[in-house]
Participant: 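Here it is: the structure, laid out below.
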There are 2 protein chains.
Amino acid sequence: MDEQQERHIVTLKDVAAASGVSISTVSRVLDDRTPPSRSATAERVRRIADDLGYRRNMFASGLRRGATGTIGVLVPRLTDHVMALMFEAIERTARARGSFAVVATCGDDPAEERRATETLLDRNVDGLVLATARLDDTLPALLRERGVPHVLALRTDGVSPSALGDDEAGGYFAARHLVDLGHQEIAVITGPWFTSSARDRLAGARRALAEGGIELPDARVISTGYGIESGHVAGRSLLDGGATRPTAIFAANDNLAIGVVAAASAAGLTVGRDVSVVGYNDIPLAAMLPVPLTSVRTAFDQIAASALDLLGGTDGAVTRALPTLIPRASTAALGR
Amino acid sequence: MDEQQERHIVTLKDVAAASGVSISTVSRVLDDRTPPSRSATAERVRRIADDLGYRRNMFASGLRRGATGTIGVLVPRLTDHVMALMFEAIERTARARGSFAVVATCGDDPAEERRATETLLDRNVDGLVLATARLDDTLPALLRERGVPHVLALRTDGVSPSALGDDEAGGYFAARHLVDLGHQEIAVITGPWFTSSARDRLAGARRALAEGGIELPDARVISTGYGIESGHVAGRSLLDGGATRPTAIFAANDNLAIGVVAAASAAGLTVGRDVSVVGYNDIPLAAMLPVPLTSVRTAFDQIAASALDLLGGTDGAVTRALPTLIPRASTAALGR
DNA sequence: CTGTTAGCGCCTTCAT
DNA sequence: ATGAAGGCGCTAACAG
């Protein structure tokens, strides 16, 4: 279809020459930020630009305008399914709003986080979405000082604008579900203590248990990482406990839950019969496990939308998207 | 530590003024592409630039130089663990070589793939890594015509430079492993037929079976998607078959294998005893499943390194990184 | 609405 | 080794 050989890259000058108007006119006609003119020349210029295969040079354009139509996203790692889902949601949302999302990964290392942030800022992003916040992190404060537009996603430092899931409610739903099934011996495995999500999910679970008049001794609360391995270790320590073994476990993350399930299998227990397990986030895999996993579904799209809203917004707001409990076979009433 | 308030962004001009030299000198001193000068002024300028918190404006710089130090990566989706692993490997490698990797996702839709490619090219990437190639895809041809530096990763169209895993060898290892365990009734579930990886893995499996003098009837070969769900469906159809049921299944992807395992559980079969299952890629989850999954480990880092090598290279080469079989509990000798 | 003019910040000849 | 000058492609004032 396209016959033009793009050996030479088409610039505004070429389009101007071909249309017999000035460069500025072309620039204005092709400006996508204003409602497009419907005048005859405008139409013609647009057609010619299209025929020639003109594409705006983002460097030149970005140099001149302030903004770049790019937002930077920082996540610990994309191999964490939760982060991949979050980023894809942000990417979709950004695209729908006409911008482009670039991602950088930084593991769990604050120094690396700084470095990655600088890298993104160097690329003149219009704003930053951080899915890395620790409660003890000073990066958000630094960004606030520097006046860099930013928003925290999934986790908060308690100060900067944040687009969160309602982790307290999610934790409540999960634990309430177990209580409703008649469980009394319940344990909670929560994520790293430096994440707001870990604390809030535990707080929600505590509320549900308190309502049911159920004790949650400290020995039944384990704070650990967010990886499968952590769940495996925690699960083993909970399930090997013989008589004191809990009949139900709320893992504050599907990875943890998967680790727990593996530990249960290894201990000869059947999940959904001998022990009930609830996860969190409802990653697609949850539904496809040998024993489908009950989980709390996080509204990633809603969080992404809020995040981009807040990026534009004026000052420190916090949104909390309500999650949904998805009951599956991994949880069952006590005593079958 | 940094005391300067970056209200005003520091440019070369500022550094020049503060050091009492010309802009061009500063520009030269700070040019990271050439071996850094060790002269007195050079050292001083570098120090001042650092103190002032100077950061090169990539737009201005990119506008002037041709290159941007950015490579674009195109993947179908990051929620596919394989793609997340591939991208992270590319990101790491790129960073180690001083560039930055940006990713775009495009699903399985060729039209969307074009759009995403244009988006990346608009951002003046120095080159493109595509992990999306279909055998019937015309995008690589288009890029070749246009002279856009690019390399295909994981999958090839058979023409453009490609950094692949040795899928034929991997398929061979997987099937050979099953043959060695004494299995005779073996089925293969392979990925979409438009991917070179699906075809090559099947070809390797065929070779191993042929060596063992084992038949692979067409009914025992299923070509499907690369998702868990596809594996579940395929697994069900293979395992429900009563007497004709295979004793071992090679799934050309861990997702497929997980789906098969779920189907096996649902059919009341114990994986590793009643049926052996081999996956492919050895995603971290594979080792953590209730029954740890035997899989063929893909050398993502090696593929990433080759990909970036080929991006710089002259013309159409193909590299194939040798994978490794990782035996686990999901495969066992026939008859226990 | 259109064209002219003047840079955005940086890099790179070309002279010194 | 250094400085002066021009321009990458685009956009934002400023006239007309």
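Lettering of chains follows the sequences in order, A, B, ..., and the numbering in each one begins at 1.
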Participant: Once you round it to whole Å, what is the distance between C1' of C:dT13 and CZ of B:R65?
Facilitator: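 About 16 Å, once rounded to whole Å.
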
Participant: Between A:F59 (CZ) and C:dC11 (P), how many Å, whole number?
Facilitator: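 So the two atoms are 12 Å apart, to the nearest Å.
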
Participant: Taking the side chain of B:T25 as its heavy atoms from C-beta onward, which of D:dC10, C:dC11, D:dG3 lies nearest to it?
Facilitator: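 That would be D:dG3.
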
Participant: For D:dC10, take OP1 and OP2 only and decide whether either is under 4.0 Å from a side-chain N or O of A:S61.
Facilitator: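 For A:S61, the contact criterion (side-chain N or O under 4.0 Å from OP1 or OP2 of D:dC10) is not met.
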
Participant: We want to know whether B:S160 and B:H150 form a side-chain donor-acceptor pair, criterion being a heavy-atom distance below 3.5 angstrom.
Facilitator: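 Yes.
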
Participant: Between A:S24 and D:dT11, does any side-chain N or O lie under 4.0 Å from OP1 or OP2?
Facilitator: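 So the side chain of A:S24 is outside the cut-off, no N or O lying under 4.0 Å from OP1 or OP2 of D:dT11.
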
Participant: Compare side-chain N and O positions of B:R33 against OP1 and OP2 of C:dT12 and report whether any pair is under 4.0 Å apart.
Facilitator: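 It does, given that an N or O in the side chain of B:R33 lies less than 4.0 Å from OP1 or OP2 of C:dT12.
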
Participant: Once you round it to whole Å, what is the distance between P of C:dC1 and CZ of A:R38?
Facilitator: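 My rounded result for the distance is 12 Å.
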
Participant: What's the CG-P distance between B:D32 and C:dC10, to the nearest Å?
Facilitator: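 Going from B:D32 (CG) to C:dC10 (P), I get 13 Å.
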
Participant: Of the listed nucleotides (C:dG3, C:dC11, D:dG3), which one gets closest to any side-chain atom of B:L12?
Facilitator: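 Among C:dG3, C:dC11, D:dG3, the one nearest the side chain of B:L12 is C:dC11.
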
Participant: Whole Å only: how far is the NZ atom of B:K13 from the P atom of C:dC11?
Facilitator: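 About 15 Å, once rounded to whole Å.
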
Participant: Can you see whether A:T119 engages A:R115 through a side-chain donor-acceptor pair at a distance of less than 3.5 angstrom?
Facilitator: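 Present: a donor and an acceptor within the cut-off.
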
Participant: So, is B:S27 close to the C:dT12 phosphate, meaning a side-chain N or O under 4.0 Å from OP1 or OP2?
Facilitator: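 For C:dT12, OP1/OP2 do not have a side-chain N/O of B:S27 under 4.0 Å.
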
Participant: Please report, rounded to the nearest Å, how far the P atom of C:dC11 is from the CG atom of B:N57.
Facilitator: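 Taking CG of B:N57 and P of C:dC11, I get 9 Å after rounding.
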
Participant: Touch check for A:I23, heavy atoms < 4.0 angstrom, all strands: base, sugar-phosphate only, or nothing?
Facilitator: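 Base contact - A:I23 has a heavy atom under 4.0 Å of at least one base atom.
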
Participant: Rounded to the Å, how far apart are B:D31 CG and D:dA1 C1'?
Facilitator: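 Result: 15 Å.
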
Participant: Once hydrogens and angles are ignored, does a donor-acceptor distance under 3.5 Å link the base of D:dG3 to the side chain of B:R28?
Facilitator: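 Such a pair exists between side chain and base.
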
Participant: Applying a 4.0 Å non-hydrogen cut-off, can you work out what A:T41 is touching in the nucleic acid: base, sugar-phosphate, or nothing?
Facilitator: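 Here A:T41 touches the backbone only, sparing every base.
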
Participant: Would you kindly compare B:R64 and A:L63 by the position of their nearest DNA chain D nucleotide and give the one closer to the 5′ end?
Facilitator: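 Checking each residue's closest nucleotide, the 5'-ward one belongs to B:R64.
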
Participant: Does a side-chain N or O of A:R56 approach OP1 or OP2 of D:dT11 to a distance below 4.0 Å, or not?
Facilitator: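 The answer is yes; a side-chain N or O of A:R56 sits under 4.0 Å from OP1 or OP2.
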
Participant: Looking just at side-chain N and O atoms, do A:Y226 and A:S197 make a donor-acceptor pair shorter than 3.5 Å?
Facilitator: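 Side-chain D/A pair, A:Y226 to A:S197: present.
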
Participant: Rounding to an integer number of Å, can you tell me how far B:I9 CD1 sits from C:dG9 C1'?
Facilitator: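 To the nearest whole Å, that distance equals 11 Å.
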
Participant: Side chains of B:T25 and B:S22 only: does a donor on one sit below 3.5 Å from an acceptor on the other?
Facilitator: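 The criterion, which ignores hydrogens and geometry beyond distance, is satisfied for B:S22 and B:T25.
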
Participant: Whether the A:E91 and B:T105 side chains hold a donor-acceptor pair (N or O, under 3.5 Å, no angle test) is what I'd like checked.
Facilitator: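 B:T105 and A:E91 do have a side-chain donor-acceptor pair below 3.5 Å.
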
